[in-house]
Student: 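Let me begin by handing over the structure; questions about it come next.
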Amino acid sequence: MSWFYDIGRALVKIMLFFTARWQVKGRENIPGQGPLLVVANHLGLVDPPLLAVSLNRKAIFMAKQELFHSRFSSYFVSGFGAFPVQRGQPDRKALRHAERVLAEGFALVMFPEASRSRNGELQPALPGSVRIALRSGATILPAAITGTEQIKGMGWLLRRPRLTVNFGVPFQLPPRDGKLSREELAECTSYMMQRIAQLLPPEYRGYYADEEGRNGT
């Protein structure tokens, strides 16, 4: 449904132009081709389309299963290049789909926290994105989103909030032999999330703030 994706991107750009102050930083860090795993913090429903128009290449999203329950939302979300994943449990079908997306050289977007942050701060991430990165060998592109937590109700239309997407320097996780232990997965996940946290203002870093930030010193 590339026509839907292209039209959707155009409509989102027009909407952002009139309703928000949209800014993209670090666009030069986005690899132009090859398998790419984009990992970002998650603040609101606007995050997926915002990332889609901020990337200079087509992106496919891993989205929660609930968005595919109704025919209307499923049509819209699928048309925007998303596929479902069951949260809170291993989903081998989604994992295989994600690996296939990367093997075909596309950009795959994931929100490692798995759900929107209620307070705007980074929450503890799940290891699924790290598993996919290690199994596929894909380059990881960290992305930090700010401002979308302000889009609630209708009042935000009058405020024209500043929405910023900040892309960091891409990196790869070191290859590991054999199955990773729970501690190794946690270590890799923390490292990946720290790369996102470094792109965020201090008040957004939450669980992944540095030790000084956590201690309030």
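FYI, the numbering just counts along the sequence from 1. Please read these numbers as outputs of a predicted model, since none were measured by experiment.
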Student: Rounded to the nearest 0.5 Å, what separation is found between the CG atom of L199 and the CZ atom of R205?
Tutor: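 The CG atom of L199 sits 9.0 Å away from the CZ atom of R205.
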Student: Could you tell me the separation between the OG atom of S54 and the CZ atom of R9, rounded to the nearest 0.5 Å?
Tutor: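 S54 atom OG to R9 atom CZ measures 8.5 Å (nearest 0.5 Å).
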Student: Pair L45, R116 - check side chain to side chain contact (heavy atoms under 4.5 Å, CB included), show working.
Tutor: CA-CA 8 Å; L45 291 172; R116 300 190 302 275; 3.2 Å; yes
Student: Run E149 and Y204 through side chain to side chain contact (heavy atoms under 4.5 Å, CB included) and show every step you take.
Tutor: CA-CA 11 Å; E149 75 280 5; Y204 282 85; 2.5 Å; yes
Student: Just checking E28: does its CD atom have more than 12 heavy atoms from other residues, nucleotides or ligands closer to it than 6.0 angstrom?
Tutor: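 For E28, atom CD is crowded (more than 12 foreign heavy atoms under 6.0 Å).
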Student: Counting C-beta onward and ignoring hydrogens, is there a side-chain heavy-atom pair between I196 and Y208 closer than 4.5 Å?
Tutor: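 With C-beta onward as the side chain, the pair stays apart.
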Student: Give a yes or no answer on whether the side chain of R195 reaches the backbone of L141 with a donor-acceptor pair at less than 3.5 Å.
Tutor: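 Not confirmed, R195 side chain does not pair with L141 backbone.
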Student: Under a 3.5 Å distance rule, please check whether N166 uses its side chain to pair with a backbone N or O of A144 as donor and acceptor.
Tutor: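 It does not hold such a pair.
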Student: Same cluster for V53 and M15 if Ile/Leu/Val/Met/Phe/Trp/Tyr side chains link at under 4.5 Å?
Tutor: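 No, V53 and M15 fall in different hydrophobic clusters.
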Student: What are the two closest heavy atoms between P112 and M192, and how far apart are they?
Tutor: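 In terms of heavy atoms, the two residues are closest at CG-CE, 3.8 Å.
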Student: So W22 and V24, do their side chains get closer than 4.5 Å, heavy atoms only?
Tutor: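 SC-SC contact between V24 and W22 confirmed.
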Student: State, yes or no, whether a side-chain contact exists between F167 and K25 at a heavy-atom distance under 4.5 Å.
Tutor: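 Side chain of F167 against side chain of K25, heavy atoms only: no contact under 4.5 Å found.
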Student: Nearest heavy-atom pair of V38 and A143: which atoms, and what distance?
Tutor: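 Of all heavy-atom pairs spanning V38 and A143, the closest is CG1-CB, 4.2 Å.
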Student: Got R57 and L36 here, is their nearest side-chain heavy-atom distance under 4.5 Å?
Tutor: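 Yes, side chains in contact.
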Student: So do the side chains of M110 and V85 get within less than 4.5 Å of each other, counting heavy atoms only?
Tutor: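 Answer no - side chains too far apart.
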Student: Looking only at heavy atoms, what is the nearest atom pair of F171 and P142, with distance?
Tutor: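 Shortest heavy-atom contact: CE2-CD, 3.9 Å.
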Student: To the nearest 0.5 Å, what is the distance between CZ (R27) and CG (N29)?
Tutor: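 With rounding to 0.5 Å, CZ (R27) is 11.5 Å from CG (N29).
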Student: Distance from L50 atom CG to L43 atom CG, nearest 0.5 Å?
Tutor: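 Result: 10.0 Å between the selected atoms.
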Student: Hey, does the side chain of Y5 reach the backbone of A59 with a donor-acceptor pair shorter than 3.5 angstrom?
Tutor: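 Side chain of Y5 to backbone of A59, a donor-acceptor pair under 3.5 Å: yes, one is there.
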Student: How long is the span from the CD1 atom in I132 to the CG atom in L173, to the nearest 0.5 Å?
Tutor: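 One gets 12.0 Å once the value is rounded to the nearest 0.5 Å.
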Student: What residue pairs, at least two apart or across chains, pass side-chain hydrogen bond (donor to acceptor under 3.5 Å, both in side chains) with a residue in residues 119-139?
Tutor: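 Every pair satisfying side-chain hydrogen bond (donor to acceptor under 3.5 Å, both in side chains) with a residue in residues 119-139: E99-R135, S117-N119, S117-Q123, N119-Q123.
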Student: To the closest 0.5 Å, what do you measure between CG (L102) and CG (L108)?
Tutor: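 L102 CG to L108 CG: 5.0 Å, rounded to 0.5 Å.
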Student: Given the rule that I, L, V, M, F, W and Y join up when any side-chain heavy atoms are under 4.5 Å apart, are L200 and V169 in one cluster?
Tutor: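 L200 does not cluster with V169.
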Student: Please, which pairs that meet ring pair (Phe, Tyr, Trp, His ring centres under 6.0 Å) have at least one residue in residues 31-51, sequence neighbours excluded?
Tutor: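 Pairs touching residues 31-51 that pass the test: H42-F111.
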Student: Where the side chain of Y207 meets the backbone of A125, is there a donor-acceptor pair that is under 3.5 Å apart?
Tutor: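 No.
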Student: Which one of V165, I145, L163, N41 satisfies the side chain to side chain contact (heavy atoms under 4.5 Å, CB included) criterion with D47?
Tutor: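 So the option named by the test is I145.
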Student: Donor-acceptor pair, R162 side chain versus G147 backbone, under 3.5 Å?
Tutor: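 Here the side-chain-to-backbone pair does not exist.
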Student: Looking only at non-hydrogen atoms, find the nearest pair between Q150 and P161 and report the distance.
Tutor: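 That would be OE1-CB, 3.6 Å.
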